[in-house]
Amino acid sequence: MSIPSGAAAAGDRKKVALLYHELRPQGSAYSYVLPCARFEQQLRMMAELPATSYEPIVTFDDGHVSNYTYALPALEASGRSAFFFITAGWTGVRPDYMDKTQLRALHTAGHGIGAHGWTHTLLTQCSAADLRHELVDARSALEDAIGAPVTSLSLPGGRSNAAVIEACHEAGYTTVWTSVPGAVKSSSEATVGRFNILAGHSDAFLQRLLDPASGELARAARVGRWKAMAQRVMGDAAYARLWALLNRKEGDATDPGAQRVDGAL
């Protein structure tokens, strides 16, 4: 698996992975939804970064249909590739999520496809049988959908432990993507951190994040570690309630909040 980046990236330039979820023309109060115009502006900003900046890697989690409807044409216009991590059990089943034809179109256009579990259940909550279903069955279904190997997985909710990481490798994933940001030095790293882009993040903040001299990435990594500690101390259910409140999560009867917790507040 090669980590995708901008078309003009220098081969030895360190990278920073950015995590997106859903795009909408008008945006939303829900912080995980980005207005299309903001995403397009961020892509333009990425194209104009100086050579001293980190090279951004664009990733999306979950498989929302807006990734195909809005993100794909914006990425094509900018000449930038991205990686899409798909909740396999939602594909072609849940309203507003991509189907197999759309996944194949992303793959054919040169974008990466990875797994994001089968149901978005936190992997640390799974029994051995459930963990195999979330990892192995998801990989198999996505490979059937796109006709190509799937060897990369992003952790639902960013949750992992030693047993989960071992199960990921046993299931055939060579790269596991987390929710704690950090610089990517090699295209073959076994674990890749990401920074979660929210609607409230300004272009100026994003520029600082991608500027090695600013120290913003190091601060973001510290915050990511604090949040991971808070998750462990509070427990998943209490953290889920706090996350939903702070991010103004929209209600979804088919998507219980306890199972839909991502890596950032």
Side-chain angles (χ1 to χ4, degrees), residues 4-9 15-49 53-87 90-92 94-114 116 120 154 177 179 181 194-210 220 243-244 246-252 254-255 260 262-265:
S5 63
K15 300 173 175 61
V16 170
L18 306 176
L19 168 57
Y20 296 87
H21 290 83
E22 181 181 342
L23 304 180
R24 294 184 198 172
Q26 304 302 323
S28 167
Y30 181 27
S31 64
Y32 276 48
V33 175
L34 203 68
C36 294
R38 287 280 307 283
F39 180 65
E40 292 164 2
Q41 171 58 30
Q42 290 182 3
L43 291 177
R44 288 192 291 270
M45 182 271 291
M46 294 176 200
E48 298 170 355
L49 288 170
S53 296
Y54 294 118
E55 170 63 24
I57 304 169
V58 176
T59 75
F60 281 84
D61 272 5
D62 299 339
H64 193 268
V65 71
S66 65
N67 298 178
Y68 173 81
T69 306
Y70 302 124
L72 177 58
L75 289 163
E76 289 181 337
S78 69
R80 183 170 293 274
S81 60
F83 216 95
F84 296 86
F85 293 96
I86 310 301
T87 305
W90 297 354
T91 301
R94 287 187 49 162
D96 298 326
Y97 284 80
M98 288 186 284
D99 59 27
K100 293 180 180 180
T101 300
Q102 292 163 331
L103 294 186
R104 284 194 295 271
L106 289 175
H107 172 70
T108 301
H111 301 286
I113 301 294
H116 195 45
H120 204 284
S154 72
W177 300 62
S179 300
R194 296 179 296 168
F195 183 85
N196 195 25
I197 299 295
L198 304 178
H201 289 136
S202 67
D203 292 349
F205 171 82
L206 188 53
Q207 287 179 314
R208 293 196 305 274
L209 184 74
L210 297 171
W243 176 90
L246 293 180
N247 287 284
R248 299 177 297 281
K249 182 185 180 297
E250 298 169 344
D252 184 346
T254 67
D255 185 14
R260 180 64 180 85
D262 286 274
L265 287 172

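Just so you know, these numbers use all the heavy atoms, side chains as well, and skip hydrogens, waters and symmetry mates.
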So, for A199 and V33, which heavy atoms are closest and what is the spacing to 0.1 Å?
-> CB-O, 3.5 Å

Minimum side-chain heavy-atom gap D96-H64 below 4.5 Å = yes

Does L49 reach the side chain of P56, with side-chain heavy atoms less than 4.5 Å apart?
-> yes

Quick one: does L23's side chain get under 4.5 Å of F39's, heavy atoms only?
-> yes

So, D62 and H116: side-chain donor and acceptor under 3.5 Å apart, yes or no?
-> yes

Contact check, side chains of V58 and F83, non-hydrogen atoms, under 4.5 Å = no

Interatomic distance, OG1@T101 vs CZ@R104, rounded to 0.5 Å, equals 4.5 Å

Report yes if the side chains of F85 and F60 come closer than 4.5 Å at any heavy-atom pair, otherwise no.
-> no

Assess whether side chain to side chain donor-acceptor pair (under 3.5 Å) is satisfied between Y20 and Q42, documenting all intermediate values.
-> CA-CA 12 Å; Y20 296 87; Q42 290 182 3; 2.6 Å; yes

After noting the C-alpha distance and the side-chain angles of M98 and T91, does the key distance pass the side chain to side chain contact (heavy atoms under 4.5 Å, CB included) rule?
-> CA-CA 6 Å; M98 288 186 284; T91 301; 5.6 Å; no

Nearest-0.5 Å distance, CZ of residue R38 to CE of residue M45 | 10.0 Å

Output the distance between atom CG (L198) and atom CG (L34), rounded to the nearest 0.5 Å.
-> 9.0 Å

Quick one: do R194 and D61 satisfy side chain to side chain contact (heavy atoms under 4.5 Å, CB included)? Show the steps, please.
-> CA-CA 11 Å; R194 296 179 296 168; D61 272 5; 2.9 Å; yes

Looking at CZ of R80 and CD1 of I57, how far apart are the two atoms once the value is rounded to the nearest 0.5 Å?
-> 9.5 Å

Hey, mind stepping through D99 and V65 against side chain to side chain contact (heavy atoms under 4.5 Å, CB included) and telling me if it holds?
-> CA-CA 8 Å; D99 59 27; V65 71; over 6 Å; no

Please lay out, stage by stage, how R44 and Q41 fare under the test side chain to side chain donor-acceptor pair (under 3.5 Å).
-> CA-CA 5 Å; R44 288 192 291 270; Q41 171 58 30; 3.0 Å; yes

Between CD1 on residue I197 and OG on residue S31, distance to nearest 0.5 Å | 11.5 Å

Side-chain heavy atoms of H120 within contact of W90, under 4.5 Å = yes

Is the distance between the ring centroids of F195 and H201 under 6.0 Å?
-> yes

Intermediate values then yes/no, side chain to side chain contact (heavy atoms under 4.5 Å, CB included), L103 and Y68 | CA-CA 8 Å; L103 294 186; Y68 173 81; over 6 Å; no

Is there a donor-acceptor pair under 3.5 Å between the side chain of S66 and the backbone N or O of T69?
-> no

Does some side-chain heavy atom of L106 sit less than 4.5 Å from a side-chain heavy atom of L72?
-> yes

Side-chain touch Q26/C36, heavy atoms, less than 4.5 angstrom = no

Atom OG of S53 and atom CD of E48: how far apart are they, to the nearest 0.5 Å?
-> 11.5 Å

Is the shortest side-chain N to carboxylate O distance from R24 to E22 below 4.0 Å?
-> yes

Under 3.5 Å, is there a donor-acceptor pair linking the side chains of H111 and S81?
-> no

The single option from Y32, Y97, Y30, F84 that satisfies ring pair (Phe, Tyr, Trp, His ring centres under 6.0 Å) with H21 is Y32

